Amino acid sequence: MASRATGPTVPDDDPYNLRSDGKPGVDGHLGDFRRGPAVFSLYRLDSFPARARKITEYLLDVEDGAGPRECCRFTDDPEDVPEWNGRWSGDEWCGWIMQQVQELIADPDIH
């Protein structure tokens with residue numbers, strides 16, 4: 001059974017608490033959820049100001065003991081499709097993962 005993590009997986013002030021893109025893990029953090037040994041962390045990235053309407057991009061990282069790795073990037077544009085990274089493309093967890101991120105977007109774990 002999946003569950004939301006009860007707090008950040010690493011303390012916010014830890015110098016090694018970085019996203020997969022190298023930016024601080026507190027920047028845009030919306031929350032975490034778990035499945036098995038994997039902890040997924042969702043981040044809201046800056047909007048695309050050049051688009052006609054404001055589009056928000058999200059980054060989903062996964063940490064299973066080997067450091068944070070990008071799992072997926074997606075936007076709130078209904079015409080865009082998620083960009084799954086590497087082995088996540090076509091994984092059986094993808095549908096479940098997207099349900100979890102939509103719940104976090106609707107009700108973020110902002111500290």
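Treat the numbers as computed from the prediction; the structure is a model and nothing was measured.
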Self-check item: Side-chain H-bond candidate by donor/acceptor type, T75 with D80, under 3.5 Å
Solution: yes
Practice problem: Examine distances only and state if a side-chain atom of D61 and a backbone atom of S20 form a donor-acceptor pair shorter than 3.5 Å. | Solution: yes
Self-check item: Whether D76 side chain and T56 backbone form a donor-acceptor pair below 3.5 Å
Solution: yes
Could you report the tightest heavy-atom contact between [X] and [Y], atom names first, then the distance?
| X | Y | answer |
| --- | --- | --- |
| D91 | W93 | OD1-N, 2.8 Å |
| G25 | Y43 | O-CE2, 3.1 Å |
| C71 | I97 | SG-CD1, 4.4 Å |
| W88 | C94 | O-SG, 3.1 Å |

Once you round to the nearest 0.5 Å, how far does [atom1] of [X] lie from [atom2] of [Y]?
| X | Y | atom1 | atom2 | value |
| --- | --- | --- | --- | --- |
| S41 | E63 | OG | CD | 8.0 Å |
| L104 | L42 | CG | CG | 5.5 Å |
| D77 | I55 | CG | CD1 | 4.0 Å |

Self-check item: Contacts of N85 that satisfy side chain to side chain donor-acceptor pair (under 3.5 Å) - sequence neighbours left out
Solution: none
Quiz prompt | side chain to side chain donor-acceptor pair (under 3.5 Å) involving D27 - partner list, sequence neighbours excluded | solution = none
Can you name the salt bridge (charged side-chain N to carboxylate O under 4.0 Å, His left out) partners of [X], sequence neighbours left out?
| X | answer |
| --- | --- |
| D21 | R19 |
| R73 | E57, E70 |
| D64 | R69 |

Quiz prompt | Partner set under side-chain contact (heavy atoms from CB on, under 4.5 Å) for Q102, not counting sequence neighbours | solution = F74, M98, I105
Self-check item: Check: V101 and L60 side chains under 4.5 Å, non-hydrogen atoms
Solution: yes
Quiz prompt | Geometric class of the F40/F33 ring pair [parallel <30°, tilted 30-60°, perpendicular >60°] | solution = parallel
